[in-house]
Participant: 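Once you've had a glance at the structure underneath, I'll fire off some questions.
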2 protein chains.
Amino acid sequence: MDKVYEDSLELHRKNHGKLEIKSKVPIETKEDLSLAYTPGVGAVSTEIGKNPSLAAEYTLKKNTVAIVSDGSAILGLGNLGPEAAIPVMEGKAVLFKRFADVDAFPICLATQDVEEIIETVKRIAPVFGGINLEDISAPRCFEIERRLQAELSIPVMHDDQHGTAVVVLAGLINALKLKGLDKNTARVVMSGAGAAGMAVTKLLLKYGFKDITVVDSKSAIYRGRTDLTDEKKELSGITNPRDIRGSLSEVIKGSDIFIGVSKAGIVSEEMIRSMNPKPIIFALSNPVPEIMPDIATKAGAFIVATGRSDFPNQINNVLAFPGIFRGALDNNIKQLNDEMFVLAAEGLAATVTEPNPQMILPSVFDKTISGTVAKAMRG
Amino acid sequence: MDKVYEDSLELHRKNHGKLEIKSKVPIETKEDLSLAYTPGVGAVSTEIGKNPSLAAEYTLKKNTVAIVSDGSAILGLGNLGPEAAIPVMEGKAVLFKRFADVDAFPICLATQDVEEIIETVKRIAPVFGGINLEDISAPRCFEIERRLQAELSIPVMHDDQHGTAVVVLAGLINALKLKGLDKNTARVVMSGAGAAGMAVTKLLLKYGFKDITVVDSKSAIYRGRTDLTDEKKELSGITNPRDIRGSLSEVIKGSDIFIGVSKAGIVSEEMIRSMNPKPIIFALSNPVPEIMPDIATKAGAFIVATGRSDFPNQINNVLAFPGIFRGALDNNIKQLNDEMFVLAAEGLAATVTEPNPQMILPSVFDKTISGTVAKAMRG
């Protein structure tokens, strides 16, 4: 890790970040200048002035997404502020371009107030064809996304929620197939009720899973638990059909699938053994998984996925978000929803023609992925 | 004009605007990904989290300027709103990159409220190394610039004011030299008291001109005129030393230099003849100058400059703003001021080694200009 740390600092210092803004048109002659700038550009402004929706055809809005963060939940590092968010958002923009030819620009906000964030994003929205929310802490992220979706007419997605959910569901679709498990009867334990846990749970329900129990840092979430936030209360009404109580080590007994997105949810060899035979383990906490793959396998796990690139089956958002926004921009989608995310997950799962327990998802370097995901979203 | 209109629309339609956002670093291998994105990028976020000022070295902030407009005064077209501003701001970004290798991104705001504009720019400032305000109507532009300069620690410049002023002063410096005129005694008439007129006047005073009379759409501005805005009142205290009254046609009599930046200030052949012999005429109203160059010359003008590329001596902001921001970014300037603008103008004027009445300014396509201007600002 030390070498990566030093090398990454050096890469960023040497290049002064990772993004540059370039012209798509030539500026070599007076004529070039008269078309790209004055007086010619006056024609474009005049036409857009008459019909503002033309901006989506005549300007960068057609292909440009804002990556918006307030720096409140940067990677697993916590609340480091907007400046510290810049390198992550630049990295994300690099991935958008590399994997889906989407132009993305980092917007890192000097405010962590929910109303101010909503207001600011709405004010800068004219230039953008979509908004990717990123690394904004829960539960603030829920309201920010909900409100912006309602109040803007361009797609808005909090990637930590839905990007993660799409990749998890895609992986699960192939895992179910390999194991011959039915989504209607599979018992799922979800560890973590933050942004990712919430979104994964809802997308799994949308896909058709019936038996999901969510465990937060205290215990299972069940109807009537008195210490629940609004979001968890909502979850308590749609999950845990067998009304299970207790801590993770109790809830996990007899389940088929474990999905962890929380540092708090450490899983032991014994807990794996207490699950139904040959369970599916998605230990997604980063950089340290809830249980290391070799230990999980030794304890009987059939398929193990993590968030890390140095193990098989990496659950990496980059498999989803570039294609989702490519699809939203190409298909002129004004608002993203769980139906589209299910379609995206199914499209992503189908890119692996012959899944096996070591490969339930495609390589992140497969450039065809985003196009497939984008097309799948048309339904 | 019709062909330029059609061709420009086609250029913008075909390319969907003019800007793209590209990676400066490779993303071809797992190692690339681990340095540009997770886990390596965590190192950069951690360091910036400890010391936010490092963002200016490790991120795009080092070389990136926001071009901010509310669409209230787009070119000469008026208040067409934020979407209509996008193609102009994209064009400006293209020029920034082409002429000074500055990365610039358009921010077009869905508000025209002064406080909201200030607040929004402050909130998005973490990502940017400078703010170029553009096409914001007077007098709102004055307060927005003043406040942002005071409240942000990155350079803020309203280009319609200071970019114009720098190029006008540069042209005048060479014109004075050619005519053998002294700034201390030259009589200057300034037609227009909007954003450009105000800034040109103040910069000329800073440079050392003593006798400037400003004329707005009604008459000369003089101490005690009762219908003046705050900005014009300020002007009345520092200009018009001989306390001249009356309309442009009266004020212009016996002057050496006419500078027009207002559609309202039409200049006749007769008015040129009423000036001192061989006057200097900067007829900068666009697209129709206050007087056409051939008519001004016929009436005795020695040097004529316009805003147009199809006549000699084009006063084009692109000679100034790329170099000014290049200089601000390279020299780590936190706040721009008139001293720096005078230095920039002197540097720009000096790029023309042998000025003549048909060439008081360099070609806009001379790629060395921005570097010279940037260096000049060091003083």
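Computation of the quantities below employed the complete heavy-atom set of this structure, encompassing side-chain atoms and omitting hydrogens, waters and symmetry-equivalent molecules. Labels below follow one simple rule: chain letters A, B, ... track the order of the sequence lines, proteins then strands, and each chain is numbered from 1.
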Participant: Given heavy-atom pairs under 4.5 angstrom as the criterion, report whether the side chain, backbone, both or neither of A/Glu90 touches chain B.
Facilitator: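 Contact with chain B is through the side chain of A/Glu90 alone.
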Participant: Is B/Asn15 close to chain A through its backbone or its side chain, or both, or neither, when contacts mean heavy atoms under 4.5 Å?
Facilitator: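 Both parts, backbone and side chain.
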Participant: Taking every non-hydrogen pair under 4.5 Å, which of A/Asn316, A/Thr29, A/Asn79, A/Asp101 racks up the most with chain B?
Facilitator: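 If we count pairs closer than 4.5 Å to chain B, A/Thr29 comes out on top.
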Participant: Heavy-atom cut-off 4.5 Å, strictly under: side chain, backbone, both or neither for B/Tyr58 against chain A?
Facilitator: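 B/Tyr58 touches chain A through backbone and side-chain heavy atoms alike.
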Participant: Tell me, side chain or backbone of A/Ala104 under 4.5 Å from chain B's heavy atoms, or both, or neither?
Facilitator: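 It is the backbone, since no side chain atom gets that close.
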Participant: Measure B/Arg13 against the heavy atoms of chain A and call it side chain, backbone, both or neither at under 4.5 Å.
Facilitator: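 Both the backbone and the side chain of B/Arg13 come within 4.5 Å of chain A.
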Participant: Measure distances from B/Phe128 to the heavy atoms of chain A and classify the residue's part below 4.5 Å as side chain, backbone, both or neither.
Facilitator: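 The answer is the side chain of B/Phe128.
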Participant: Please flag which part of B/Leu95 lies under 4.5 Å from any non-hydrogen atom of chain A: side chain, backbone, both or neither.
Facilitator: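 Contact with chain A involves the side chain of B/Leu95 alone.
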Participant: Kindly give the heavy-atom pair with the smallest separation between A/Gly42 and B/Leu75, and that separation in Å.
Facilitator: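 A/Gly42 and B/Leu75 have their closest heavy atoms at CA-CD1, 3.8 Å.
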Participant: Looking at every non-hydrogen atom in both residues, tell me the closest pair between B/Leu19 and A/Asp103 and how far apart they are.
Facilitator: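 Minimum heavy-atom separation between B/Leu19 and A/Asp103: O-OD2, 4.2 Å.
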Participant: Using heavy-atom distances under 4.5 Å, tell me whether B/Ala93 contacts chain A through its side chain, its backbone, both, or neither.
Facilitator: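 For B/Ala93, there is no contact with chain A at all, as no heavy atom is under 4.5 Å.
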Participant: Non-hydrogen atoms of chain B under 4.5 Å away: do they reach the side chain of A/Thr64, the backbone, both or neither?
Facilitator: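 Only the side chain of A/Thr64 comes within 4.5 Å of chain B.
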Participant: Is chain B contacted by the side chain of A/Val364, its backbone, both, or neither, given a heavy-atom distance below 4.5 Å?
Facilitator: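 Just the side chain, heavy atoms under 4.5 Å.
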Participant: Below 4.5 Å from any heavy atom of chain A, which atoms of B/Lys24 appear? Answer side chain, backbone, both or neither.
Facilitator: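 Looking at B/Lys24, backbone and side chain both touch chain A.
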Participant: Just so I understand: if I count every heavy-atom pair under 4.5 Å between each of B/Pro87, B/Pro52, B/Ser34, B/Ser363 and chain A, which residue has the most?
Facilitator: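 Highest number of heavy-atom pairs under 4.5 Å: B/Pro87.
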Participant: My understanding is that only one of B/Leu54, B/Val44, B/Leu35 makes a side-chain contact (heavy atoms from CB on, under 4.5 Å) with A/Leu9; could you say which?
Facilitator: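 When side-chain contact (heavy atoms from CB on, under 4.5 Å) is applied between A/Leu9 and each of B/Leu54, B/Val44, B/Leu35, only B/Val44 qualifies.
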Participant: Using non-hydrogen atoms and a 4.5 Å limit, figure out which bit of B/Leu77 sits close to chain A: side chain, backbone, both or neither.
Facilitator: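 Side chain only.
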Participant: What part of B/Thr46 lies closer than 4.5 angstrom to a heavy atom of chain A: side chain, backbone, both or neither?
Facilitator: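 Both backbone and side chain.
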Participant: Answer yes or no: is there a donor N or O on one side and an acceptor on the other, between the side chain of B/Glu83 and the main chain of A/Pro126, under 3.5 Å?
Facilitator: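 No: the side chain of B/Glu83 does not pair with the backbone of A/Pro126.
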Participant: Looking only at non-hydrogen atoms, find the nearest pair between B/Leu80 and A/Ser45 and report the distance.
Facilitator: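 Nearest heavy atoms, B/Leu80 then A/Ser45: CD1-O, 3.7 Å.
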Participant: Could you tell me which non-hydrogen atom of B/Gly49 sits nearest to which non-hydrogen atom of A/Ala84, and how far apart they are?
Facilitator: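 Minimum heavy-atom separation between B/Gly49 and A/Ala84: N-CB, 3.7 Å.
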Participant: Please classify the contact between B/Val102 and chain A as side chain, backbone, both or neither, with a heavy-atom cut-off of under 4.5 Å.
Facilitator: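 Neither part, no heavy atoms under 4.5 Å.
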Participant: Give, as side chain, backbone, both or neither, the part of B/Pro287 having an atom under 4.5 angstrom from any heavy atom of chain A.
Facilitator: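 B/Pro287 has no heavy atom closer than 4.5 Å to chain A.
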Participant: Go through the atoms of B/Leu33 and report whether side chain, backbone, both or neither lie under 4.5 Å from a heavy atom of chain A.
Facilitator: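 For B/Leu33, the side chain is the part near chain A, not the backbone.
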Participant: For the residue pair A/Pro39 and B/Val4, what are the closest heavy atoms and their distance?
Facilitator: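 Smallest heavy-atom distance, with atoms named: CG-CG1, 4.4 Å.
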Participant: Heavy-atom pairs under 4.5 Å with chain A: which of B/Glu47, B/Glu116, B/Lys122, B/Glu10 has the most?
Facilitator: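 If we count pairs closer than 4.5 Å to chain A, B/Glu116 comes out on top.
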Participant: For A/Ala55, is it the side chain, the backbone, both or neither that has a heavy atom under 4.5 Å from a heavy atom of chain B?
Facilitator: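 Looking at A/Ala55, just its side chain touches chain B.
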Participant: Would you say the side-chain atoms of B/Thr120 pair up with the backbone N or O of A/Thr120, donor to acceptor, closer than 3.5 Å?
Facilitator: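 Looks like no, no N/O pair under 3.5 Å.
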Participant: Compare every heavy atom of B/Tyr37 with every heavy atom of A/Val88, then report the nearest pair and how far apart it is.
Facilitator: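 Shortest heavy-atom contact: O-CE1, 3.6 Å.
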Participant: At a heavy-atom separation under 4.5 Å, does B/Leu11 approach chain A through its side chain, its backbone, both, or neither?
Facilitator: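 It is the side chain, since no backbone atom gets that close.
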Participant: Charged N to carboxylate O below 4.0 Å: is that the case for B/Glu20 and A/Lys97?
Facilitator: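 Looking at A/Lys97 together with B/Glu20, the answer is yes, because their closest N to O distance falls below 4.0 Å.
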Participant: What part of B/Ile74 gets within 4.5 angstrom of chain A, counting heavy atoms only: side chain, backbone, both, or neither?
Facilitator: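 Answer is side chain: those atoms of B/Ile74 sit under 4.5 Å from chain A.
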Participant: Which of the residues B/Ala110, B/Gly76, B/Gly81, B/Pro82 is involved in the greatest number of heavy-atom pairs with chain A at under 4.5 angstrom?
Facilitator: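 Heavy-atom pairs under 4.5 Å are most numerous for B/Ala110.
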Participant: So that I can tick it off, tell me whether B/Glu119 and A/Arg123 are bridged by a salt bridge, with the cut-off set at under 4.0 angstrom between side-chain N and carboxylate O.
Facilitator: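 Judged by the 4.0 Å cut-off on N to carboxylate O distance, A/Arg123 and B/Glu119 do form a salt bridge.
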Participant: To the closest 0.5 Å, what do you measure between OG1 (A/Thr59) and NE2 (B/His16)?
Facilitator: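 Result: 10.0 Å between the selected atoms.
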